[in-house]
Amino acid sequence: MTEATLGAAPLTRESALPASLEGGEPLALSRLRELALAAYREMPWPSSTRDEDWRRTAQIDKLDPASFSPSSASPWLPELAGPGPKSSASLFTGAPQAGVESPEARGLRGALTSEPDRWVQLLGSVAPPGLRKLVALNTARFVDGALVHVGRGEQLELPIRLVHGVGDGEASFPRTLIVLEEGASATVLEEWLSPPDARGLLVPVAEVIVGRGARLTHLVSQRLGERSVLQSTLRARQLEGSSYDLSFVLLGGSWSKSYLEVEMAGEGSEFRSAGLCVGRGSQHFDIQTLQDHMARGAVSDLLYRAAVAERARSVFAGLIRVEEGAQKTNAYVQNRNLLLSPTAKADSNPTLEILANDVRCTHGTAAGRIDEEQLFYCQSRGVTREEARRLVVEGFFADVVDHFPEGELREAARGWVLDALDELSRSGALSASPG
Amino acid sequence: MSDLLEISGLQVEVEGKRILDGVDLTVPTGEVHALMGPNGAGKTSLGYAVMGHPKYQVVGGQILWKGESVLGTPPEQRARRGLFLSLQYPTAIPGVSTANFLRSALKGLGKELPARELLKEVRAQLSLLKMDQAFLSRYINDNFSGGEKKRMEIVQLAVLRPEMAILDETDSGLDVDALRTVAEGVNRVREGGMGVLIITHYQRILEYITPDRVHVMAAGRVIASGGRELVTEIERTGYDPMLRAAGIEEVLPAAAVSG
């Protein structure tokens, strides 16, 4: 038995394989897991003092995955998630019987078992185990997840809904693979959840491949309970002329680190993204984005708005990288933060790394408080100070909400945001202090 | 007629600096009063103090509204009791549409309307003020021109229907046609018996909205009050004779606050 260190606790080679699959996994998958395990052992545990990625999120130093028990079933997940918008398929990781599969969306485990030659090779092709420690961990330990595969030229009207969650005392490693073939088009809603009081660790990894001329609309909603921890990686690869529209809503968790990474691998591909975060109490949101321009003439635009109340903290690092030869790149990254209390904090660090000479890249950042004149203006028209603050915060998010996919998804996402603002009001975080 | 707004001996400080120094001013129900005076006289400050802007600290005197003191009450409560202040420089609130803003205001005032009726009312007022219907969904005052902001203040006045409006230089920056449109807007709301305190530098708007009384402020207090003839006098001689008569040698520096 070979041992590696998983945080402070031992991870055995055998336990890296989910019990239910032991011996029954396709050979190719077993090999991938071995690779992942090796990569996991090679990489040191992230450190807030050594790693730039973790400089402002020291919580990582004390995170110990071994203090959670691995979960393979989440029968409570569908009820927690609620009915959701009208969809062509809905998958609940850990509660497959509650879901509705479709030819385009099915459980990952089933797909890997029945067609290993087709799917295993794609796992880790966008987010390889060596990308980072927690991706290796997910690859070694995932039990199930979702596969979305939309064939060449196929246009899906209704969204596909994928729900992942973690329960109390558990660690969960859901895996998502989304593949759009040439000219395909689809909309995917992905939700990360945990029950309100659950102390869980959710480590989702999603790999996305948007084929030539394909169009993917993706909405990610993070609504973990207040005591759970999230370590997520979403990494996409865009081929020639493809379009990827990503919206994200980060609302829950005690602390979280979310990587959102896009490879503009094909000429003329287009990436549009907007996301928001509402934080209160001592919530900590760390988001790190990458717009990696590898090919000519691609366009990318990412906007992130965070409103933090009480002692909450937002950390943003957004990198635009333009590789050699990626001429005519047009890239933009912007982060705006709204501090709702004197003790709330926001760090923002958008950066450019440009190796081509004919490009247009810009970044912007700002942090501010609610303007007293805006509050007075609302109040002088009859709006209470607390309502006025809420109105201003809602206004702060307007351009992100406008970016959400139209129709039922936008209404759902708007609902989640309004719920979070209600929660702010209820907890007194909007009336507490001036400024 | 009963006295709607009654200001007596009002002293106001901004960041420890005395801005108003004993203002006495009474506007009876339904009357239109004009408030004039050189820059830095404290006119805008008076409006803010009446509406309860937190920066304007009342350190002495009284503001009675319908016989009750408003001191110590937040602006939204003063609005609910019927007061309205049209700002000289209306504030933009990005991301909040005009429709949404007015919905929140009416809700706060306890005058909530069904969505359809609200939209109908705002649309009607927009066309009366000769504003494009697109302003309904535009973010309130965001990237509006100066004139559009002033018109939007009157649209709000008409939708919210207060009992008394303080109009702070609503006429400044408007061309002749816009001025008439805005004045007509105010007059339509006045038909319901609304009182008006109109702060202005110019005679022009007073040709459309006829004042019952005219007051002149300088150095943080009212130094002269009279009928319409006061306006003509000011046009003719400027403020200097009045200032000298009041024993004011020099107008207070404009300080941090204008008006």
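In this text the structure is predicted, and so the values were computed from the model without any measurement. Below, read A as the first sequence line, B as the second, and so on, with proteins coming before strands; counting in each chain starts at 1.
Taking chain A as the reference chain and counting heavy-atom pairs below 4.5 Å, the highest number among B:Pro162, B:Gly110, B:Ala79 is found for B:Ala79. Chain B forms more heavy-atom pairs under 4.5 Å with one residue of A:Cys378, A:Ala398, A:Gly395, A:Ala388 than with any other, namely A:Gly395. When each of B:Leu106, B:Leu109, B:Leu160, B:Leu102 is checked for heavy-atom pairs under 4.5 Å with chain A, B:Leu109 comes out on top.
Applying the side-chain contact (heavy atoms from CB on, under 4.5 Å) criterion to B:Lys120, with sequence neighbours excluded, gives no partner residue.
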Take A:Phe376 and B:Leu87 through the test side-chain contact (heavy atoms from CB on, under 4.5 Å) and record every step on the way to the result.
CA-CA 11 Å; A:Phe376 173 73; B:Leu87 298 191; 4.2 Å; yes
Test side-chain contact (heavy atoms from CB on, under 4.5 Å) on A:Val392 and B:Ile93; report intermediate values, then the result.
CA-CA 7 Å; A:Val392 171; B:Ile93 308 181; 4.1 Å; yes
Go through chain B and chain A and list any donor-acceptor pairs closer than 3.5 Å, backbone and side chains both.
residue, atom, partner, partner atom, Å
B:His53, NE2, A:Glu373, OE1, 3.1
B:His53, NE2, A:Glu373, OE2, 3.1
B:Glu76, N, A:Gln379, O, 3.3
B:Glu76, OE1, A:Gln379, NE2, 2.7
B:Glu76, OE2, A:Arg385, N, 3.3
B:Leu85, O, A:Arg381, NH2, 2.5
B:Ala92, O, A:Gln374, NE2, 3.1
B:Tyr139, OH, A:Asp402, OD2, 3.3
B:Asn141, ND2, A:Tyr377, OH, 3.0
B:Glu153, OE1, A:Arg381, NH2, 2.9
B:Glu153, OE2, A:Tyr377, OH, 2.4
B:Glu153, OE2, A:Arg381, NH1, 3.1
B:Gln156, OE1, A:Arg381, NH1, 2.7
B:Gln156, NE2, A:Tyr377, OH, 3.0

